[in-house]
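What follows is a single structure, written as structure tokens, with notes after it.
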Amino acid sequence: MIAEDFEIIFSCVKSPFFDESWINRKLDRTALDDMKKMISSGLTPEQINDGVKPLDLCGERGEYHTMCIGGPLYKSKICLGVNDEPNKQETKQTSWKGNIHNSSCIWTVSLKDDEINK
């Protein structure tokens, strides 16, 4: 999708791999390289003890979610009015050991109600 010029942004990211700086960031080669670096750096002993699994590059364990806002199949780009600060939700970890539940914080894109599709 990157090679086909789709414009994709991160709309939801979860700790321990991501922080709020990833919200509204484009999923491009640089972001992909940054995620590959996260994978190659490995997990800390504490993360391993907590049952955290390595970052899945495709986000298949719920580490992140994306939104496609433009590309060759779109008549026009979807314009989003995005607030400067993303939504932040502190979470309680569960005893289940999958990454989707091992997050202590989730950030989501914060949209301006009056700015969508202007």
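Taking all atoms of both residues into account, the shortest heavy-atom contact from K53 to F17 is O-CZ, 3.4 Å. When all heavy atoms of P86 and W107 are compared, the pair lying nearest together is CG-CD1, 4.2 Å.
Panel note: side chain D56, backbone C58; a donor-acceptor pair is recorded below 3.5 Å. A distance-only check finds no donor-acceptor pair linking the side chain of K88 to the backbone of I106 [under 3.5 Å]. A donor-acceptor pair under 3.5 Å links the side-chain atoms of S103 to the main chain of S15, judged by distance alone. Between the side chain of E4 and the backbone N or O of I2 there is no donor-acceptor pair closer than 3.5 Å.
For the atom pair OG1 of T44 and CG of N49, the computed distance is 9.5 Å after rounding to the nearest 0.5 Å. Between atom OG of residue S21 and atom CG of residue D19 there is a gap of 3.5 Å, rounded to the nearest 0.5 Å. Taking CD from E63 and SG from C12, the interatomic distance works out to 11.0 Å, rounded to the nearest 0.5 Å. The line from OH of Y64 to CZ of F10 is 5.5 Å long, rounded to the nearest 0.5 Å. Taking CG from D50 and CG from L43, the interatomic distance works out to 10.5 Å, rounded to the nearest 0.5 Å. Here the NZ-CD distance, from K77 to E7, works out to 3.5 Å after rounding to the nearest 0.5 Å.
C105 has its side chain out of reach of Q89: every pair of non-hydrogen atoms, C-beta onward, lies at least 4.5 Å apart. A 4.5 Å side-chain heavy-atom check between C68 and Y74 finds at least one atom pair inside the cut-off. A heavy-atom distance below 4.5 Å is found between the side chains of F18 and M35. With contacts defined as side-chain heavy-atom distances shorter than 4.5 Å, the pair M67/L80 qualifies. By the 4.5 Å heavy-atom criterion applied to side chains, L57 and L32 are counted as neighbours. Between I9 and T66, the closest side-chain pair of non-hydrogen atoms is not below 4.5 Å. Put simply, the side chain of V13 reaches to within 4.5 Å of the side chain of I23, judged on heavy atoms. V52 places a side-chain heavy atom less than 4.5 Å from the side chain of P16.
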Q.
Apply side chain to side chain contact (heavy atoms under 4.5 Å, CB included) to residues F6 and I69 and explain how you reach the verdict.
A. CA-CA 8 Å; F6 282 90; I69 60 172; over 6 Å; no
Q: For the pair R25 and D34, evaluate salt bridge (Lys or Arg N to Asp or Glu O under 4.0 Å) and give the outcome as yes or no after the intermediate values.
A: CA-CA 12 Å; R25 179 177 174 179; D34 288 346; 2.5 Å; yes
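The environment of D33 atom CG is dense: over 12 non-hydrogen atoms of other residues, nucleotides or ligands sit within 6.0 angstrom.
Salt-bridge check for D84 with K112: failed, with every basic side-chain N at 4.0 Å or more from each acidic carboxylate O.
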